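Here the structure is laid out as structure tokens; the discussion comes afterwards.
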Amino acid sequence: MEILKKQFQEFISGLMSLPTLSFFSYDMCRIFLLSNFQAKKRMVKIVHKIIQSKRDSSMSSMVPKDVVDVLLKDASELLTDDLIADNMIDMMIPGEDSVPVLMTLAIKYLSDCPAALHQLTEENLKLKRLKAQNGEPLIWSDYLSLPFTQNVITEALRMGNIIIGVMRKAMKDIEIKGYLIPKGWCFFAYFRSVHLDENHYDWPYQFNPWRWQEKDILSSYNFTPFGGGQRLCPGLDLARLETSIFLHHFVTNFRWVAEEDTIVNFPTVRMKKRMPVWVKRREE
Ligand code: HEM
């Protein structure tokens with residue numbers, strides 16, 4: 001697993017920096033991309049081994065336990081091992097990178113904003129107590145009944161810009177604010193410049209979950225952490241759900257002190273020192 005993780009980290013840092021490679025010399029780009037593709041190749045090899053061992057074992061007849069099992073059970077001949085391996089690697093990006101980064105950023109911003117942490121904790125404790133009182137377990141839609149928690153996640157997405165932007169190709173000549181993008185050109189829509197623009201957000205560098213109260217984020221072109229249009233992220237709700245579940249359990253069960261750290265935005269969004277967090281169980 002550690003080897004796979006190392007290859008993945010190399011692969012993802014190359015993938016995320018593709019738009020910025022144009023600043024470097026041809027030779028540097030070649031070396032960088034080569035090591036990126038080699039990392040991907042090594043990952044494919046590891047995933048192929050996992051697929052093969054699953055095929056060899058008698059597990060194929062059992063109830064699927066993970067995504068590989070489900071894909072292996074697919075009767076369609078189009079789903080080759082190469083395609084399954086590619087799918088698995090694609091799933092690793094949000095599983096290992098985007099959502100955990102969102103959770104980390106939320107913890108970072110909350111650590112620096114006691115008022116938001118207090119309100120978030122109160123909201124989640126209230127739900128926890130209500131569930132305990134009624135003897136009910138949490139159900140998946142409960143996260144929607146936590147409006148402040150949703151605002152915290154929205155604000156972490158706005159400030160964090162986990163995916164810094166998306167690449168697109170102009171299908172026809174387009175003029176934007178006096179600039180012509182000729183047909184066939186590729187361009188990079190940079191989310192950070194919109195999400196941190198003071199024309200759209202007051203005090204854009206301030207973590208302020210309250211700014212989202214009464215705001216309809218779905219109809220806003222100034223808030224696109226999950227992209228937009230036909231390529232809108234299909235994992236949008238899952239990412240929010242997972243982060244809500246994590247925050248709910250974390251704030252209702254623990255208190256913590258996060259070490260001083262800074263957010264690095266290049267080549268991917270990361271904590272400079274990985275932000276160690278000292279955790280203590282809450283007593284209630
Ligand atoms: C905080 C978490 C996440 C963020 C910020 C995020 C962001 C994005 C963005 C901006 C795109 C659009 C890329 C483009 O237009 O070129 C995208 C696409 C995609 N995302 Fe996510 N994502 C997240 C979580 C997830 C999760 C949890 C999954 C699934 C398990 C997922 C699966 C995908 C897939 C399959 C695409 C490609 C869609 C397509 O090209 O049609 N994402 N994501």
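These figures come from a predicted structure and were not determined experimentally. Counting starts at 1 for both ligands and their atoms, following the listed order. Just the heavy atoms: all of them, side chains too, but no hydrogens, waters or symmetry mates, feed the values below.
Ranking the protein heavy atoms by distance from atom 26 (C) of ligand 1 puts Pro94 CB, 3.2 Å first. Of the protein's heavy atoms, Cys233 SG, 2.3 Å lies nearest to atom 21 (Fe) of ligand 1. Protein heavy atom at the shortest distance from atom 6 (C) of ligand 1 is Phe226 CD2, 3.6 Å. Protein heavy atom at the shortest distance from atom 39 (C) of ligand 1 is Arg231 NE, 3.2 Å. Ranking the protein heavy atoms by distance from atom 14 (C) of ligand 1 puts Val166 CG1, 3.3 Å first.
Within the 3.5 Å criterion, the main-chain N or O of Asn222 finds a donor-acceptor partner in the side chain of Tyr201.
For the residue pair Thr154/Arg240, the side-chain donor-acceptor check at 3.5 Å is satisfied. For the residue pair His249 / Asn124, no side-chain donor-acceptor distance below 3.5 Å is found, with atom types taken as modelled. With hydrogens and angles left out, the side-chain atoms of Lys215 and Asn151 include no donor and acceptor closer than 3.5 Å.
Salt bridge Asp202/Arg211: absent, no basic N to carboxylate O contact under 4.0 Å. A salt bridge is defined here as a Lys NZ or Arg NE, NH1 or NH2 lying under 4.0 Å from an Asp or Glu carboxylate O, and Lys108 with Asp112 meets this definition. Salt bridge present: Lys40 and Asp86 bring a charged side-chain N and a carboxylate O closer than 4.0 Å.
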Salt bridge (charged side-chain N to carboxylate O under 4.0 Å, His left out) evaluation trace for Glu155 with Arg158 = CA-CA 5 Å; Glu155 183 68 347; Arg158 180 191 71 81; 2.9 Å; yes
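Contacts of Met103 with ligand 1, taken as heavy-atom pairs under 4.0 Å, are absent altogether. When non-hydrogen atoms are compared, ligand 1 lies under 4.0 Å from the backbone of Pro225 (N, CA, C, O) but not from its side chain.
Taking every non-hydrogen atom of Gly227 and a distance limit under 4.0 Å, the qualifying atoms of ligand 1 come out as 10 (C). Shown in contact with Leu238 at under 4.0 Å from a heavy atom are these atoms of ligand 1, numbered in order with element: 30 (C). The ligand atoms of ligand 1 that sit less than 4.0 angstrom from a heavy atom of Leu102 are 1 (C). Against a heavy-atom cut-off of under 4.0 Å, Pro234 is close to the following atoms of ligand 1: 19 (C), 20 (N), 33 (C), 34 (C), 35 (C), 36 (C), 38 (C).
Close to ligand 1: Arg168, with a non-hydrogen atom less than 4.0 angstrom away.
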